[in-house]
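Structure first, commentary second.
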Amino acid sequence: MLKFFNSLTRKKEDFVSFEKDTVRMYSCGPTVYYYPHIGNMRAYLFMDNIRRVLKYNGYKIDGVMNITDVGHLTSDADEGDDKMLVASARENKSPWEIAKFYTDVFMSDVKRLNIDLPEHICPATSVIDEIIAFVQGLLDRGYAYTTSRGVYFDIAKFPGYGQLGNDVNSKMAGARIEVDSEKRHPADFALWIKAPQNHIMKWDSPWGIGYPGWHIECSAIGKKYLQDHIDIHTGGVDHKTIHHENEIAQADCLEGHKVVKFWMHVEFLQVDGGKMSKSLNNFYTLHDLEERGFDGEDFRYFYFTAHYRKQQNFTFDSLLGARNSLKRLKNLVLEHKNGTNVLPKEKIEAYQNEFLDAVNDDLNMPVALAVVQKLLKEEKSKDVFDLVMKFNQVLGLNFESELEIPKDVLDLAQNRWMAKLEKNWAEADRIREDILKLGYVVKDSKDNYQIEKL
Ligand code: AMP
Ligand code: ZN
């Protein structure tokens, strides 16, 4: 039985979808005012992990992800600068150009990580009409009110507020003096914000020219593609108590019932013991890793080495460890390809069950990897190879690239790369000759190398 930890109930629960065979899944997408970092990528590898495990269990998926291409304010409290405007000024580009550029960077990164993308990817700016209709619906039902700054959600009208742990009443007691005296409760949040003159991204609405508050796009996009029942909603833990709490309030009040069944949150990727984040400017991008000779797959494997509900500390040493384990694993898989031993049927089934139990136990990837490693210790057998290929539907690693190339050539190429990194050019040239003699040529790009048959 497939089990996921639900942040709503704080328990592992049996997963049952609303429709029999298809899972409706929503993932909070990226803000596109700067380069995504590998902490963000942990969130999308987590999404990929869920999608692949669902498919492995025979489900189809109707998945949606937003792209936050509209500027929102710096803080969850609807205060501060508009990050898109800050980026526009920094790069001397229009907010539209900023959004296009960083959306492209994001798409290229997720491709290099072999992330299984949702069926629908929807920029917030493409659903302004839907957002306005959503806000109007909340006003009509009495869950929102207008002020001179825009439209606000009235949290006092929703008794379910705080399900994910946003304890607004205890916060109220020590709250600082409210900046916006028109708000009925300090935790009321903006649905629509009237735009100041200098604001670039703005749209006409029944409440004047403005732009959406930053929680509403996810609810409006979710409703557009998945209607009023969503099986799984994903995001990072930083989104849990404000963004997702507010999404629940908006959607449940509009529909009059609970919209999302499973809320799933991935813990932070840390760096030097702290959160890696765009605003703290302490982050690495996938490109930074590639510049040091790693590739997307190494980071993908690194993701599997920690459970998603635990913080994971990033260091280049641990990434190197992941890279080496992955290399070893690939070489072993290769050795099994032409193996002659036969794995008994019962053993095959036992391995299959062990692997399934691990991934179905709230995505326990470290245990799933241990199963694969145990399997690879069997006598060389094509059955082992076939089984790993089946498990690879979940792992999403690229065995094919290695499989066509003999192990001694792969090893030589790796040694040559290390020699190059150590600036040992003579050694690197000597190994290149050896590789040529075996009928292969190594081609270097800036951050990596490729091996081709002559
Ligand atoms: P953002 O573009 O900042 O909205 O982030 C995109 C996704 O990455 C969200 O789901 C965040 O919760 C998630 N995220 C941000 N920082 C981290 C981190 N250090 N580790 C894991 N997930 C993160
Ligand atoms: Zn969201």
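For ligands, and for the atoms within them, numbers begin at 1 and follow the listed sequence.
Counting all heavy atoms, side chain and backbone alike, Ala87 lies closest to Tyr33 at CB-O, 3.6 Å. A pairwise comparison of heavy atoms in Asn6 and Trp263 identifies OD1-N, 3.1 Å as the closest pair.
Ordered by chain and residue number, the residues placing a heavy atom less than 4.0 Å from ligand 1 are Pro30, Thr31, His37, Gly39, Asn40, Ala43, Tyr44, Gly235, Gly236, Asp238, His239, Glu267, Phe268, Leu269, Lys275, Met276, Lys278.
Closest N/O/S atom of His243 to the Zn ion (ligand 2): NE2.
For an aromatic pair to be called close, the ring centres must be under 6.0 Å apart, and Tyr143 with Tyr145 fails this.
Here His239 fails the criterion, with no N, O or S atom under 2.8 Å of the Zn ion (ligand 2). Taking backbone and side chain together, Cys218 holds an N, O or S atom under 2.8 Å from the Zn ion (ligand 2).
Ring orientation note: the planes of Phe153 and Phe189 are close to parallel, at an angle under 30° on the 30°/60° scale. Ring geometry for Phe391 versus Tyr56: interplanar angle over 60°, hence perpendicular rather than tilted (30 to 60°).
Side-chain atoms of Asp361 and Val367, non-hydrogen and from C-beta on, never get closer than 4.5 Å to each other.
The cationic atom of Lys261 (NZ for Lys, CZ for Arg) does not lie both less than 6.0 Å from the six-membered ring centre of Phe18 and within 45° of the ring axis.
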